[in-house]
> 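Dropping a structure here in structure tokens format, bear with me for questions.
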Number of protein chains: 2
Amino acid sequence: MPSASPRHRSSPEHADPGDVTLHAALAALADPVRRRLIRELAAAEDWARACGTFDLPVGKAARSHHFAVLRSAGLLEQRDSGAKRLNRLRRPEFDARFPGLLDLVLAEKDGEEDPGAEPAPGGRDR
Amino acid sequence: MPSASPRHRSSPEHADPGDVTLHAALAALADPVRRRLIRELAAAEDWARACGTFDLPVGKAARSHHFAVLRSAGLLEQRDSGAKRLNRLRRPEFDARFPGLLDLVLAEKDGEEDPGAEPAPGGRDR
DNA sequence: ACGGCTGTTCGATCTGCATCGAACATCTTA
DNA sequence: TAAGATGTTCGATGCAGATCGAACAGCCGT
């Protein structure tokens, strides 16, 4: 049977959205990759997407890092389901804590994330 | 006579708040010093405060840098008046472009800016 | 049991940026 | 005109964090 609650992999630590500082929220959302992730997640149903199913221009190490940051910013919730880790955007909780902020991110058009935009020849990229 | 419009010092370049990217806004506000500056500015009347009159934990070089960042994020407007450079928070413009964002910053309590908070012994500080 | 998939963690690297001190420019006041 | 005040710019420094590759750890098929 597909184990519904595997306690083997240390289950992810979630921040209480009510306790998240404004700085944590802004710092988390100041990254283009994370905003893109959020937007993609918002377009799906809760618990529909596993971490690996996101279209991001970074390797899985960085990806895992980004998920951790978003988690501790109270922006998303994760639940293990077998080998996969499913995600849910904590929209109502986050909206209650920081009204309007998430809306701004979701309103941003894809490809408008900005930071230089250019691939940057010598830059760490991918 | 107190020169009303000195064109000697290259007058500051202002970004059109309507053209500011979300990234620029978030990146600008992701800094505790800048948020504090914004809050202090919001508490005063327009054009009432010169750059040097803000209570910030940084030297004037960094201070000047922060003002430049906020300017190009469409958050404030500057006008030269003699040797002083007066400031005004672009509240209506910024609110129109990013509804709710500025309110979040202004709602943040002083001393709650966060990032580590500790003076950091070896850290570049002041 | 084995091999493939999914994610996390570790150590290293590299870049951006916040900061400083010092030099400079401009305006004001003595 | 000389001195002081206000800001900006420059070059250097240091740290935080974004990224990678590789190693590791559960889970799931065959």
Side-chain angles (χ1 to χ4, degrees), chain A residues 1-13 23-24 27-28 30-37 49-54 56-72 78-87 113 115-116 118-126, chain B residues 1-13 23-24 27-28 30-37 49-54 56-71 78-87 113-116 118-126:
Chain A
M1 64 180 82
S3 63
S5 57
R7 285 296 175 303
H8 315 114
R9 207 179 348 173
S10 58
S11 44
E13 294 183 11
H23 181 82
D31 186 290
V33 175
R34 288 196 282 265
R35 285 199 303 276
R36 185 160 155 182
L37 201 166
R49 313 276 311 255
C51 296
T53 71
F54 290 80
L56 301 175
V58 296
K60 46 182 197 169
R63 188 174 307 225
S64 190
H65 168 64
H66 287 310
F67 274 104
V69 172
L70 291 175
R71 226 181 323 158
S72 59
Q78 297 187 307
R79 184 222 302 178
D80 283 345
S81 171
K84 316 200 174 184
R85 183 159 279 190
L86 302 179
N87 299 277
E113 295 91 357
E118 272 78 349
R124 264 283 153 277
D125 199 286
R126 155 150 298 221
Chain B
M1 67 181 85
S3 63
S5 56
R7 282 300 174 302
H8 315 115
R9 205 180 348 173
S10 58
S11 45
E13 294 183 11
H23 182 81
D31 186 289
V33 175
R34 288 194 284 263
R35 285 198 302 278
R36 185 160 155 183
L37 201 166
R49 312 277 310 257
C51 295
T53 71
F54 290 81
L56 300 175
V58 297
K60 46 182 199 169
R63 189 173 307 224
S64 188
H65 167 63
H66 287 310
F67 274 104
V69 171
L70 292 173
R71 228 175 7 203
Q78 297 187 308
R79 185 223 302 177
D80 283 345
S81 171
K84 315 199 176 185
R85 183 159 279 189
L86 302 179
N87 299 277
E113 296 92 359
D114 193 42
E118 271 77 351
R124 264 283 152 276
D125 202 284
R126 153 152 300 225

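Per chain, numbering begins at 1; letters A, B, ... match sequence-line order. These values consider heavy atoms only, across backbone and side chains, with no hydrogens, waters or symmetry-generated copies.
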> Starting at atom CZ of R63(B), determine the distance to atom C1' of dA22(C), rounded to an integer number of angstrom.
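Whole-Å distance recorded here is 17 Å.
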> Less than 4.5 Å apart, side chain to side chain, heavy atoms only: is that true for P32(B) and H23(A)?
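Yes, at least one pair of side-chain atoms sits under 4.5 Å.
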> For the side chain of S64(A), counting heavy atoms from C-beta on, which of dT9(C), dT6(D), dT6(C) is nearest?
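Among dT9(C), dT6(D), dT6(C), the one nearest the side chain of S64(A) is dT9(C).
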> Of all the nucleotides listed (dA18(D), dT8(C), dC20(C)), which has the minimum atom distance to the side chain of K60(A)?
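Selected nucleotide: dT8(C).
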> Step by step, would you call C51(B) with Q78(B) a side chain to side chain contact (heavy atoms under 4.5 Å, CB included)?
CA-CA 9 Å; C51(B) 295; Q78(B) 297 187 308; 3.5 Å; yes
> What's the closest nucleotide to the V58(A) side chain, out of dC20(D), dT8(D), dA18(C)?
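The listed nucleotide nearest to V58(A)'s side chain is dC20(D).
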> Distance to the ring centre below 6.0 angstrom and angle to the axis at most 45 degrees; does that hold for R49(A) and F54(A)?
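That pair qualifies as a cation-pi contact.
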> Could you work out which one of dT6(C), dT19(C), dT8(C) sits closest to the side chain of H66(B)?
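It is dT19(C).
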> Rounding to a whole Å, what distance do you find between R49(A):CZ and dT6(C):P?
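It works out to 13 Å between those atoms.
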> Which nucleotide sits closest to the side chain of R85(B): dT19(D), dA18(C), dG7(D)?
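Of all the options, the side chain of R85(B) is nearest to dG7(D).
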> Heavy-atom nearest nucleotide on DNA chain C for F67(A) versus A27(B): which residue maps closer to 5'?
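Whichever sits nearer the 5' end wins; that is F67(A).
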> Would you kindly compare A61(A) and D31(A) by the position of their nearest DNA chain D nucleotide and give the one closer to the 5′ end?
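Checking each residue's closest nucleotide, the 5'-ward one belongs to D31(A).
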> Rounding to a whole Å, what distance do you find between D80(B):CG and dT28(C):C1'?
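Distance, rounded to whole Å: 14 Å.
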> Hey, could you give me the NZ/CZ distance between K84(B) and R79(B), rounded to the nearest 0.5 Å?
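Interatomic distance, K84(B) NZ to R79(B) CZ, rounded to 0.5 Å: 13.5 Å.
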> In whole angstrom, what separates E13(A)'s CD from dG7(C)'s P?
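Atom CD in E13(A) sits about 19 Å away from atom P in dG7(C).
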> How many Å lie between CG on L86(A) and C1' on dG26(D), as a whole number?
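So the CG-C1' distance, L86(A) to dG26(D), works out to 15 Å.
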> Specify the separation, in whole Å, of atom CZ of R79(A) and atom P of dT6(C).
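Between P of dT6(C) and CZ of R79(A): 18 Å.
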> Across the strands shown, which category fits A50(A) at heavy-atom distances under 4.0 angstrom: base, sugar-phosphate, nothing?
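Sugar-phosphate, backbone atoms only, no base.
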> Does dA18(D) have OP1 or OP2 under 4.0 Å away from a side-chain N or O of R34(A)?
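Yes, because at least one side-chain N or O of R34(A) sits under 4.0 Å from OP1 or OP2 of dA18(D).
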> Give, for atom CG of L37(A) and atom CG of L56(A), the distance between the pair rounded to the nearest 0.5 Å.
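Reported to 0.5 Å precision, the distance equals 5.0 Å.
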> Starting at CZ of F54(A) and ending at P of dT6(C), how long is that distance when rounded to a whole Å?
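Nearest whole value for this atom pair: 14 Å.
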> Roughly how many Å is it from NZ in K84(B) to C1' in dT29(C), rounded to a whole number?
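My rounded result for the distance is 12 Å.
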